[in-house]
Amino acid sequence: MSEINALDPSQYMIKDEPFYRPVSDEIELFESGYASRMPIMLKGPTGCGKSRFVEYMAHKLGKPLITVACNEDMTASDLVGRYLIDINGTKWQDGPLTVAARIGAICYLDEVVEARQDTTVVIHPLTDHRRVLPLDKKGELVEAHPDFQLVISYNPGYQSMMKDLKQSTKQRFGGFKFDYPEEAVEADIVAKEAGIDQATAEKLVQIAQRSRNLKGHGLDEGISTRLLVYAAQLINKGVDPKKACTMALITPLTDDDDILDTLLTTVDTFF
Ligand code: ADP
């Protein structure tokens, strides 16, 4: 059995062009940023198209993409690598950031503020003129491949004093502010992505907009584009629109019965 070689870039290539509907001139701007390998941060609420945008750009630029979903248990070793023990002794295993730096991939750290602060510090030498990644435990200094680029995302809505990026980290990135697209664009995305008609997609978007008005008034976040696509996919499969909305848009959003009722009433006015 042949072992998968972690350093083979072909496995990280995005084969088919992802559907991405631009909202503004973000594609051109990202390309200009990539030309100087500028580290990029994508800010915005969950499910508004940040990851899809990175996938689209990796495909367009013809570069491998390595995505890491960051979480609060994540340590620097999870990104950089560690020694593993097997029957033959100890063996170093590169983490995803190291692999990306070696092969010249775009490394996308999704929800980077979730990770512990020591994790964000390891990206510093990679995101200035040095473009190096020190593997302290291994005693190796990896020089980033000329094609390597770091992209991070974070949701300023979840931000607290404890969980914010330090200025010394923030000021290493060019930034894009993402939000849910304007009504017509979002309806277009939902219709195309799930294969439903425009009129139904528009109703779904209007329900989402009502929920977004409740942000800060009982809801932490409104209904995301991602959830709208879920609802639309159920409708496409023949599920009754009210049931589809309840399942995909309303139930996952909150545990507060009053808000649930309000949102269900909104669904009733559209379907
Ligand atoms: P996040 O901002 O959390 O990374 P995603 O990129 O995963 O969100 O977006 C969630 C879903 O919303 C995508 O899978 C896609 O279906 C849809 N989507 C959002 N924005 C766009 C867009 N501009 N073009 C195409 N699809 C989009």
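Both ligands and their constituent atoms are indexed starting at 1 by order of listing. Counting begins at 1 with the first residue of the sequence.
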- Task: Output the list of atoms in ligand 1 that are nearer than 4.0 Å to some heavy atom of Arg21, sorted by atom number.
- Result: 22 (C), 23 (N), 24 (N), 25 (C)
- Query: Who's closest to atom 14 (O) of ligand 1 heavy-atom-wise, of Lys192, Lys50, Arg52?
  - Reply: Arg52
- Query: Are Glu186 and Arg21 ion-paired here, with the side-chain N under 4.0 Å from a carboxylate O?
  - Reply: no
- Message: Checking Asp256 against Thr254: is there a side-chain donor and acceptor pair closer than 3.5 Å?
- Response: no
- Record the part of Phe19 in heavy-atom contact with ligand 1 below 4.0 Å; permitted values are side chain, backbone, both and neither. both
- Message: Could you check whether atom CG of Asp268 has more than 12 heavy atoms from other residues, nucleotides or ligands sitting under 6.0 Å from it?
- Response: yes
- Would you check whether Ile189 has a nitrogen or oxygen atom less than 3.5 angstrom from a nitrogen or oxygen atom of ligand 1? no
- Task: Return the residue, atom name and 0.1 Å-rounded distance of the protein heavy atom closest to atom 7 (O) of ligand 1.
- Result: Arg226 NH2, 3.3 Å
- Message: Are Phe53 and Phe178, when compared by the centres of their aromatic rings, separated by less than 6.0 Å?
- Response: yes
- Report yes if some heavy atom in the side chain of Leu263 is under 4.5 Å from a heavy atom in the side chain of Val267; otherwise report no. no
- Purely on distance, is any nitrogen or oxygen of Gly47 under 3.5 Å from one on ligand 1? yes
- Query: Is Asp110 in polar range of ligand 1, meaning some N or O pair under 3.5 Å apart?
  - Reply: no
- Item | Atoms of ligand 1 close to Tyr20 [distance to a heavy atom under 4.0 angstrom, numbered from 1] | 22 (C), 23 (N), 24 (N), 25 (C)
- Query: Should you measure from each heavy atom of Val229, which atoms of ligand 1 turn up under 4.0 Å away?
  - Reply: 16 (O)
- Query: Please, which pairs that meet salt bridge (Lys or Arg N to Asp or Glu O under 4.0 Å) have at least one residue in residues 134-151, sequence neighbours excluded?
  - Reply: Arg37-Asp147, Lys63-Asp147, Arg102-Glu140, Lys138-Glu140
- Message: Ser51 versus ligand 1: do any nitrogen or oxygen atoms come within less than 3.5 Å of each other?
- Response: yes
- Query: Thr46 heavy atoms, cut-off 4.0 Å: which ligand 1 atoms fall inside?
  - Reply: 3 (O)
- Counting heavy atoms only, which of Pro22, Gly49, Gly44 is nearest atom 20 (N) of ligand 1? Gly49
- Message: For Arg130, is there an ion pair with Asp128 - N to carboxylate O distance below 4.0 angstrom?
- Response: yes
- Nearest-neighbour protein heavy atom for atom 16 (O) of ligand 1, which is reported as residue plus atom name and distance: Glu193 OE2, 2.8 Å
- 4.5 Å side-chain heavy-atom contact, Leu204 and Cys245: yes
- Note on the structure: Rounded to the nearest 0.5 angstrom, the OG1-CD1 distance for Thr98 and Ile103 is 11.5 Å
